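Accompanying notes for the structure given below.
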Amino acid sequence: MGNGGSRPAFSVIIPALNEERSIGDAVRSAKRCGHNCEIIVVDGGSKDLTARTARQAGATHVITAPRGRACQLNAGAAKARGDVFLFLHADSKLPEDWALRVQQAMAPATQGGRAEEGQLPPPPPPPPPRQWGCFETISIDAGPISSWLVHHGVRLRTLLCHRPYGDQGIFVTNSAYTRSGGYPDWPLLEDLALVKQLKRQCGAPAIVREPIETSGRRWQALGLVQTTLINQAILLAYAMGTDVHVLAEWYKRD
(Lines give C-alpha, C1' and ligand atoms only; values in the text may rest on other atoms or scores of the structure.)
Protein backbone atom coordinates (compact mmCIF):
# COMPACT_ATOMS: atom_id res chain seq x y z
CA MET A 1 0.00 0.00 0.00
CA GLY A 2 1.22 3.45 -0.81
CA ASN A 3 2.99 4.37 -4.01
CA GLY A 4 6.17 5.82 -2.58
CA GLY A 5 5.19 9.34 -3.66
CA SER A 6 3.29 12.05 -1.88
CA ARG A 7 0.24 9.87 -1.29
CA PRO A 8 0.39 8.33 2.19
CA ALA A 9 -0.32 4.67 2.85
CA PHE A 10 -2.59 5.51 5.77
CA SER A 11 -4.89 8.30 6.83
CA VAL A 12 -5.76 8.11 10.52
CA ILE A 13 -8.96 10.08 11.13
CA ILE A 14 -9.76 11.11 14.70
CA PRO A 15 -13.04 12.88 15.57
CA ALA A 16 -12.78 14.87 18.77
CA LEU A 17 -14.86 17.05 21.06
CA ASN A 18 -13.40 18.46 24.27
CA GLU A 19 -10.70 15.78 24.40
CA GLU A 20 -7.64 17.81 25.39
CA ARG A 21 -6.66 15.20 27.99
CA SER A 22 -6.57 12.27 25.58
CA ILE A 23 -6.12 13.60 22.03
CA GLY A 24 -2.35 13.97 22.38
CA ASP A 25 -1.90 10.29 23.23
CA ALA A 26 -4.18 9.26 20.35
CA VAL A 27 -2.18 11.32 17.84
CA ARG A 28 1.17 10.12 19.15
CA SER A 29 0.06 6.50 18.93
CA ALA A 30 -0.90 7.00 15.29
CA LYS A 31 2.47 8.61 14.52
CA ARG A 32 4.13 5.27 15.23
CA CYS A 33 3.35 4.45 11.59
CA GLY A 34 6.21 6.72 10.55
CA HIS A 35 6.29 9.21 7.70
CA ASN A 36 3.96 7.27 5.38
CA CYS A 37 0.89 8.31 7.33
CA GLU A 38 -1.22 11.42 7.72
CA ILE A 39 -3.19 12.13 10.89
CA ILE A 40 -6.37 14.15 10.58
CA VAL A 41 -8.08 15.42 13.72
CA VAL A 42 -11.61 16.66 13.14
CA ASP A 43 -12.76 18.98 15.92
CA GLY A 44 -16.49 19.30 16.47
CA GLY A 45 -16.39 22.65 18.25
CA SER A 46 -14.38 21.97 21.39
CA LYS A 47 -14.40 24.53 24.18
CA ASP A 48 -11.04 23.38 25.53
CA LEU A 49 -7.56 23.05 24.00
CA THR A 50 -8.25 19.96 21.91
CA ALA A 51 -7.17 21.50 18.60
CA ARG A 52 -4.03 23.07 20.02
CA THR A 53 -3.04 19.84 21.80
CA ALA A 54 -3.55 17.83 18.60
CA ARG A 55 -1.27 20.16 16.64
CA GLN A 56 1.39 20.04 19.34
CA ALA A 57 1.26 16.23 19.32
CA GLY A 58 1.99 16.20 15.59
CA ALA A 59 -1.34 15.94 13.77
CA THR A 60 -0.92 16.53 10.04
CA HIS A 61 -4.21 18.39 9.75
CA VAL A 62 -6.61 19.77 12.35
CA ILE A 63 -9.90 20.70 10.75
CA THR A 64 -13.36 21.60 12.04
CA ALA A 65 -16.74 20.12 11.23
CA PRO A 66 -20.24 20.35 12.69
CA ARG A 67 -20.57 18.43 15.93
CA GLY A 68 -21.50 14.77 15.49
CA ARG A 69 -19.24 11.77 15.11
CA ALA A 70 -20.59 10.72 11.71
CA CYS A 71 -20.27 14.22 10.27
CA GLN A 72 -16.76 14.60 11.68
CA LEU A 73 -15.63 11.20 10.36
CA ASN A 74 -16.94 11.94 6.88
CA ALA A 75 -15.27 15.36 6.93
CA GLY A 76 -11.97 13.73 7.83
CA ALA A 77 -12.37 11.15 5.06
CA ALA A 78 -13.08 13.93 2.55
CA LYS A 79 -9.75 15.51 3.52
CA ALA A 80 -7.81 12.22 3.55
CA ARG A 81 -5.49 11.12 0.74
CA GLY A 82 -4.27 7.76 2.05
CA ASP A 83 -4.75 4.36 0.46
CA VAL A 84 -6.32 3.12 3.71
CA PHE A 85 -8.44 5.09 6.18
CA LEU A 86 -8.28 4.16 9.85
CA PHE A 87 -10.91 5.68 12.13
CA LEU A 88 -9.68 6.15 15.69
CA HIS A 89 -11.60 7.46 18.68
CA ALA A 90 -9.98 10.39 20.45
CA ASP A 91 -9.77 8.47 23.74
CA SER A 92 -8.06 5.45 22.17
CA LYS A 93 -4.48 4.51 21.37
CA LEU A 94 -3.10 2.30 18.62
CA PRO A 95 -0.55 -0.43 19.43
CA GLU A 96 3.14 0.03 18.69
CA ASP A 97 3.25 -1.84 15.37
CA TRP A 98 -0.25 -1.05 14.18
CA ALA A 99 0.60 -0.17 10.57
CA LEU A 100 2.46 -3.42 9.92
CA ARG A 101 -0.32 -5.42 11.58
CA VAL A 102 -2.97 -3.78 9.41
CA GLN A 103 -0.98 -4.39 6.24
CA GLN A 104 -0.47 -8.03 7.15
CA ALA A 105 -4.14 -8.52 7.98
CA MET A 106 -5.30 -7.00 4.70
CA ALA A 107 -2.82 -8.92 2.54
CA PRO A 108 -4.14 -11.98 0.65
CA ALA A 109 -3.31 -15.41 2.02
CA THR A 110 -0.09 -16.93 0.68
CA GLN A 111 -0.23 -19.99 -1.53
CA GLY A 112 1.69 -23.21 -1.21
CA GLY A 113 4.62 -24.29 -3.36
CA ARG A 114 4.33 -24.64 -7.11
CA ALA A 115 3.46 -28.12 -8.45
CA GLU A 116 6.02 -29.95 -10.55
CA GLU A 117 5.31 -30.59 -14.23
CA GLY A 118 3.15 -33.66 -14.72
CA GLN A 119 1.84 -33.58 -11.19
CA LEU A 120 -1.09 -31.67 -9.73
CA PRO A 121 -2.20 -28.48 -11.51
CA PRO A 122 -0.90 -25.20 -10.10
CA PRO A 123 -2.90 -23.67 -7.30
CA PRO A 124 -5.49 -21.01 -8.10
CA PRO A 125 -4.44 -17.37 -7.91
CA PRO A 126 -4.49 -15.87 -4.43
CA PRO A 127 -7.62 -14.06 -3.30
CA PRO A 128 -7.64 -10.28 -3.54
CA PRO A 129 -6.59 -8.26 -0.49
CA ARG A 130 -9.21 -7.59 2.13
CA GLN A 131 -10.89 -4.22 1.73
CA TRP A 132 -11.70 -3.47 5.35
CA GLY A 133 -11.15 -4.67 8.88
CA CYS A 134 -10.69 -3.87 12.54
CA PHE A 135 -8.68 -4.70 15.63
CA GLU A 136 -9.76 -7.85 17.39
CA THR A 137 -10.83 -6.29 20.66
CA ILE A 138 -10.33 -3.41 23.08
CA SER A 139 -8.41 -3.01 26.29
CA ILE A 140 -10.01 -0.76 28.89
CA ASP A 141 -9.01 0.51 32.32
CA ALA A 142 -12.11 -0.44 34.29
CA GLY A 143 -10.85 -2.87 36.91
CA PRO A 144 -9.55 -6.41 36.36
CA ILE A 145 -12.88 -8.27 36.17
CA SER A 146 -14.71 -5.73 34.01
CA SER A 147 -11.69 -5.30 31.75
CA TRP A 148 -11.39 -9.08 31.25
CA LEU A 149 -15.08 -9.51 30.48
CA VAL A 150 -15.18 -6.60 28.03
CA HIS A 151 -11.95 -7.71 26.33
CA HIS A 152 -13.17 -11.26 25.72
CA GLY A 153 -16.77 -10.32 24.99
CA VAL A 154 -15.71 -7.92 22.25
CA ARG A 155 -13.26 -10.50 20.92
CA LEU A 156 -15.94 -13.18 20.60
CA ARG A 157 -18.37 -10.78 18.92
CA THR A 158 -15.72 -9.78 16.42
CA LEU A 159 -14.50 -13.28 15.58
CA LEU A 160 -17.88 -15.00 15.52
CA CYS A 161 -20.19 -12.28 14.20
CA HIS A 162 -17.77 -10.07 12.25
CA ARG A 163 -19.46 -7.06 13.83
CA PRO A 164 -16.89 -4.63 15.19
CA TYR A 165 -17.81 -1.31 16.76
CA GLY A 166 -16.21 2.06 16.14
CA ASP A 167 -13.90 1.89 19.15
CA GLN A 168 -12.07 -1.06 17.54
CA GLY A 169 -10.27 1.08 14.98
CA ILE A 170 -12.19 0.27 11.81
CA PHE A 171 -9.98 0.55 8.72
CA VAL A 172 -11.04 0.49 5.08
CA THR A 173 -9.48 1.16 1.71
CA ASN A 174 -10.10 4.55 0.21
CA SER A 175 -11.98 3.03 -2.71
CA ALA A 176 -14.18 0.75 -0.59
CA TYR A 177 -15.08 3.64 1.70
CA THR A 178 -16.09 5.73 -1.30
CA ARG A 179 -18.23 2.92 -2.71
CA SER A 180 -19.92 2.42 0.67
CA GLY A 181 -21.09 6.01 0.81
CA GLY A 182 -19.33 6.60 4.14
CA TYR A 183 -21.00 7.00 7.50
CA PRO A 184 -24.71 7.84 7.51
CA ASP A 185 -25.50 11.15 9.19
CA TRP A 186 -26.88 9.52 12.32
CA PRO A 187 -26.44 10.69 15.92
CA LEU A 188 -25.83 7.09 17.06
CA LEU A 189 -24.91 3.66 15.62
CA GLU A 190 -23.25 5.19 12.57
CA ASP A 191 -20.43 2.65 12.97
CA LEU A 192 -22.88 -0.27 12.90
CA ALA A 193 -24.41 1.04 9.67
CA LEU A 194 -21.02 1.36 7.97
CA VAL A 195 -19.96 -2.12 9.10
CA LYS A 196 -23.16 -3.64 7.68
CA GLN A 197 -22.55 -1.92 4.36
CA LEU A 198 -18.91 -3.01 4.21
CA LYS A 199 -19.82 -6.62 5.03
CA ARG A 200 -22.43 -6.59 2.27
CA GLN A 201 -20.06 -4.96 -0.20
CA CYS A 202 -16.68 -6.53 0.63
CA GLY A 203 -17.30 -9.63 2.74
CA ALA A 204 -15.73 -10.51 6.07
CA PRO A 205 -13.30 -8.11 7.74
CA ALA A 206 -9.57 -8.51 8.11
CA ILE A 207 -8.90 -8.83 11.84
CA VAL A 208 -5.74 -7.58 13.54
CA ARG A 209 -5.12 -9.98 16.44
CA GLU A 210 -4.22 -7.23 18.87
CA PRO A 211 -6.31 -4.89 21.03
CA ILE A 212 -6.74 -1.16 20.86
CA GLU A 213 -6.37 0.57 24.20
CA THR A 214 -9.39 2.74 24.91
CA SER A 215 -10.86 4.67 27.80
CA GLY A 216 -13.09 2.83 30.23
CA ARG A 217 -14.71 6.02 31.51
CA ARG A 218 -18.28 5.04 30.58
CA TRP A 219 -17.80 1.58 32.07
CA GLN A 220 -16.35 3.16 35.20
CA ALA A 221 -19.18 5.69 35.50
CA LEU A 222 -22.09 3.30 35.01
CA GLY A 223 -20.59 -0.07 35.86
CA LEU A 224 -20.25 -3.19 33.71
CA VAL A 225 -23.78 -4.50 34.13
CA GLN A 226 -25.60 -1.22 33.53
CA THR A 227 -23.42 -0.27 30.56
CA THR A 228 -23.92 -3.67 28.96
CA LEU A 229 -27.69 -3.58 29.49
CA ILE A 230 -27.95 -0.08 28.01
CA ASN A 231 -25.91 -1.06 24.97
CA GLN A 232 -27.93 -4.21 24.33
CA ALA A 233 -31.23 -2.40 24.83
CA ILE A 234 -30.19 0.21 22.26
CA LEU A 235 -29.22 -2.50 19.76
CA LEU A 236 -32.45 -4.42 20.33
CA ALA A 237 -34.56 -1.31 19.88
CA TYR A 238 -32.67 -0.48 16.69
CA ALA A 239 -33.22 -3.99 15.34
CA MET A 240 -36.96 -3.58 16.04
CA GLY A 241 -37.06 -0.40 13.98
CA THR A 242 -36.75 2.41 16.52
CA ASP A 243 -35.47 5.61 14.91
CA VAL A 244 -31.81 6.33 15.68
CA HIS A 245 -32.65 9.89 16.76
CA VAL A 246 -34.96 8.53 19.44
CA LEU A 247 -32.25 6.07 20.50
CA ALA A 248 -29.75 8.91 20.75
CA GLU A 249 -32.01 10.74 23.19
CA TRP A 250 -32.31 7.59 25.31
CA TYR A 251 -28.55 7.16 25.27
CA LYS A 252 -27.94 10.76 26.37
CA ARG A 253 -30.31 10.40 29.31
CA ASP A 254 -28.43 7.29 30.46
Side-chain angles (χ1 to χ4, degrees), residues 1-16 19 23-44 51 54-55 57-65 69-108 128-136 164-184 190-191 193-195 197-199 201-203 205-208 210 212-214:
M1 287 175 282
N3 58 16
S6 59
R7 183 181 178 124
F10 292 97
S11 296
V12 179
I13 299 163
I14 310 175
E19 293 283 3
I23 190 66
D25 287 341
V27 170
R28 282 186 287 270
S29 76
K31 284 176 66 68
R32 294 168 179 168
C33 178
H35 296 294
N36 204 18
C37 171
E38 64 176 359
I39 302 166
I40 303 171
V41 173
V42 188
D43 185 54
R55 293 188 184 96
T60 313
H61 305 285
V62 178
I63 63 175
T64 58
R69 182 170 284 160
C71 183
Q72 291 171 246
L73 289 167
N74 286 331
K79 178 75 172 177
R81 300 178 299 114
D83 295 325
V84 174
F85 299 166
L86 190 153
F87 300 100
L88 180 68
H89 285 189
D91 61 354
S92 299
K93 291 184 286 187
L94 291 165
E96 186 75 34
D97 54 352
W98 70 267
L100 176 61
R101 293 297 188 99
V102 169
Q103 289 176 327
Q104 291 173 338
M106 297 185 79
R130 295 285 180 91
Q131 297 296 297
W132 76 287
C134 63
F135 288 77
E136 180 181 60
Y165 295 168
D167 56 4
Q168 290 176 248
I170 294 170
F171 50 85
V172 57
T173 63
N174 187 323
S175 58
Y177 179 84
T178 300
R179 292 196 307 273
S180 75
Y183 288 92
E190 75 289 333
D191 52 349
L194 178 66
V195 163
Q197 179 62 19
L198 291 174
K199 284 178 66 176
Q201 175 181 297
C202 305
I207 298 175
V208 176
E210 195 166 347
I212 273 187
E213 183 179 342
T214 193

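Here the structure is a predicted model, which means the values were calculated and not measured. Excluded from the calculations below are hydrogen atoms, water molecules and symmetry mates; all remaining heavy atoms, backbone and side chain alike, are included.
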Qualifying residue for side-chain contact (heavy atoms from CB on, under 4.5 Å) with P164, from V195, I207, D191, L198
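Among the candidates, only V195 passes.
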For a quick test of reading the model, state the closest non-hydrogen atom pair linking [X] to [Y] and the distance between them.
| X | Y | value |
| --- | --- | --- |
| A59 | V41 | CB-CG2, 4.0 Å |
| G76 | I40 | O-CD1, 3.7 Å |
| A30 | C37 | O-SG, 4.2 Å |
| A65 | V42 | CB-CG1, 3.6 Å |
| C202 | A176 | SG-CB, 4.0 Å |

To the nearest 0.5 Å, how far apart are [atom1] in [X] and [atom2] in [Y]?
| X | Y | atom1 | atom2 | answer |
| --- | --- | --- | --- | --- |
| D83 | R7 | CG | CZ | 4.5 Å |
| Q103 | C33 | CD | SG | 7.0 Å |
| F87 | L73 | CZ | CG | 6.0 Å |
| N174 | S11 | CG | OG | 7.5 Å |
| I13 | I39 | CD1 | CD1 | 11.5 Å |
| F171 | W132 | CZ | CH2 | 9.0 Å |

Please verify the inter-ring angle class for W98 with F10; under 30° counts as parallel, over 60° as perpendicular, anything in between as tilted.
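Because their plane-to-plane angle is over 60°, the rings of W98 and F10 count as perpendicular.
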Would you check if [X] and [Y] make a side-chain contact, meaning some heavy-atom pair closer than 4.5 Å?
| X | Y | value |
| --- | --- | --- |
| Q201 | Q131 | no |
| E213 | D25 | no |
| M106 | T173 | yes |
| P8 | R81 | yes |
| K79 | E38 | no |
| L86 | L94 | yes |
| N74 | Y177 | yes |
| V102 | F135 | yes |

Between the main-chain N or O of [Y] and the side-chain N or O of [X], is there a donor-acceptor pair closer than 3.5 Å?
| X | Y | result |
| --- | --- | --- |
| E19 | D91 | no |
| S29 | K93 | no |
| D43 | T64 | no |
| Q168 | Y165 | yes |

